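What follows is a short report on a single structure.
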Number of protein chains: 2
Amino acid sequence: MNDRIDEITNNLSRKRISESTIRRLSLYYRALSLLEKEGYETVSSKELAKREKLTPAQVRKDLSFFGSFGTRGLGYPVAELRRQLAAILGIDRQWQVALIGVGNIGSALVGYKEFVRQGFQIVKLFDNDQRKIGSNHKGIVVSDIADLESELKADSIEMVVIAVPATVAQYIVDDVVNAGIKAILNFAPVNLRVPSDVYLRNENMSMELEYLSFAIVNQHAQKRVRT
Amino acid sequence: MNDRIDEITNNLSRKRISESTIRRLSLYYRALSLLEKEGYETVSSKELAKREKLTPAQVRKDLSFFGSFGTRGLGYPVAELRRQLAAILGIDRQWQVALIGVGNIGSALVGYKEFVRQGFQIVKLFDNDQRKIGSNHKGIVVSDIADLESELKADSIEMVVIAVPATVAQYIVDDVVNAGIKAILNFAPVNLRVPSDVYLRNENMSMELEYLSFAIVNQHAQKRVRT
DNA sequence: ATTATATTGTGAACGTTTTCACATAAAGGT
DNA sequence: ACCTTTATGTGAAAACGTTCACAATATAAT
């Protein structure tokens with residue numbers, strides 16, 4: 001019964017999974033959720049690839065890193081593969097997320113349904129602005145950032161989203177790291193230093209517009225890309 | 001006097017610039033802006049690499065695709081290189097951007113300062129909600145999405161940001177494409193179809209949280225990555 | 001002038017990721 | 001039972017991206 005789990009563990013510990021593969025896993029997961037809703041029981045690598053603008057070989061290779069989920073001649077079982085991917089991505093559970101910085105971007109993220117849909121629940125808000133502290137955003141009362149460390153620990157938060165101005169982001173991150181958080185998503189347009197056991201991802205929205213701008217200005221230069 | 005421009009053009013038309021290189025150009029640009037503010041006249045590939053967590057060789061190779069900007073023994077002229085990169089990225093000008101969908105994410109983006117700082121000005125808002133149409137967001141009156149085509153053309157908009165629900169995103173994109181727009185940044189968590197001459201980038205914020213979740217759940221598996 | 005030091009620009013080596021191509025195997029039709 | 005079709009899983013090849021290593025060249029010190 002635990003063969004699959006062993007297999008996954010084995011594969012994971014032996015092979016190196018690339019960042020691109022993991023990102024595509026998210027895409028597959030999303031596509032499978034949709035396919036399941038549409039009533040499909042199985043799906044081929046060809047169809048999955050088409051929906052996410054990839055190649056069938058890529059899909060098969062990506063999945064093969066984690067096990068053999070398909071049936072030759074038939075394809076992959078939609079519901080089952082979705083479940084498997086959820087487990088692999090670690091989104092077969094709820095994650096308690098704290099959000100720091102209830103400004104422009106911050107407030108938008110509080111109500112971002114896609115987070116909830118994937119199991120990420122923002123359960124705590126922090127800000128340093130006295131006018132915001134104590135106020136209520138979608139049912140969550142904003143805490144004083146001065147209480148960051150104690151409150152993060154008290155609520156056993158595992159992930160933090162940072163949406164503060166670039167100038168103060170490093171100080172905030174240092175506090176977050178001190179509170180023992182190991183996973184941070186940063187929206188501030190600045191490069192943050194974290195110890196090597198802390199996972200940090202940066203979300204830089206204007207970078208994407210810059211890419212578009214480059215593409216327009218240099219029509220000829222780069223390849224069409226699958227975003 | 002136009003040697004540099006010719007050189008850039010030549011390099012661009014001959015070589016293939018990878019997506020990663022372009023994304024790093026954005027990082028260099030940001031780092032250079034900061035260095036300039038800090039008063040530096042020159043910067044070495046070593047220092048630039050350190051600031052963006054890359055290798056000096058990477059920095060030099062990336063820049064070398066576009067020309068020879070540095071001086072051996074000295075490094076790169078900060079202000080000059082910043083200007084050059086702005087020109088390469090196409091952000092040495094203002095871009096008129098329209099934003100469709102004044103919901104959660106949409107409203108946040110209207111006031112997102114980093115966009116403005118890089119030359120992207122949101123000058124038009126659209127929504128289909130009667131309660132929102134006509135209302136004012138940061139000085140911009142929300143237009144009816146029914147007038148999309150005519151209004152986009154009238155205001156010579158060149159880029160569009162889509163922040164509508166996933167279920168309607170494809171219809172909106174079709175309209176946007178019909179209006180002649182060639183560059184689209186999509187925040188809806190769905191894969192959109194566009195003709196091959198339209199540049200489309202997707203911003204998927206929960207994908208980043210999923211990556212963090214994967215990283216925590218599979219500590220051992222993937223390499224530390226530079227986000 | 002000469003030498004030491006710093007640092008670029010780049011071809012070649014290396015490593016990683018993607019794609020190819022095919023053996024394998026399940027399902028369905030005859 | 002056999003053949004045809006469909007489609008996976010995966011080594012091997014190809015393509016791509018990164019790093020190495022060093023010649024070239026500028027500056028600074030003596």
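Since we're looking at a predicted model, the values are computed, not measured. Chain letters run A, B, ... following the sequence lines, proteins first, then strands; residues in each count from 1.
- Looking only at distances, no side-chain donor or acceptor of B:Ser206 sits under 3.5 Å from a matching main-chain atom of B:Leu209.
- Rounded to whole Å, the distance from CD on A:Glu19 to P on D:dT18 is 11 Å.
- Side-chain N/O atoms of B:Asp62 and B:Tyr28 include a donor and acceptor closer than 3.5 Å.
- At whole-Å resolution of the value, CD in A:Glu52 and P in C:dT18 are 15 Å apart.
- For the pair B:Ile17 CD1 and D:dC16 P, the computed distance is 13 Å after rounding to whole Å.
- Atom CD of A:Gln94 has more than 12 heavy atoms from other residues, nucleotides or ligands within 6.0 Å.
- Close to C:dT19, at under 4.0 Å from its OP1 or OP2, lies a side-chain N or O of A:Gln58.
- Computed from coordinates, the B:Lys53 NZ to D:dT18 P distance equals 17 Å when rounded to whole Å.
- Figure legend: cation-pi geometry between A:Arg82 and A:Phe69 absent, as NZ or CZ is not positioned both under 6.0 Å from the six-membered ring centre and within 45° of its axis.
- D:dT18 atom P lies 8 Å from atom CZ of B:Phe65, rounded to whole Å.
- Taking atom CG of residue A:Leu54 and atom C1' of nucleotide C:dT19, one finds them 13 Å apart after rounding to whole Å.
- Other residues, nucleotides and ligands contribute at most 12 non-hydrogen atoms within 6.0 Å of the NZ atom of A:Lys113.
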Summary of protein contacts for nucleotides 6-15 of chain C, nucleotide by nucleotide, where a base hit scores B, a sugar-phosphate-only hit scores S (4.0 Å, heavy atoms): BBBBBBB---
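- Between A:Phe120 and A:Phe115, the ring planes lie perpendicular to each other; the angle is over 60°, past the 30° to 60° tilted range.
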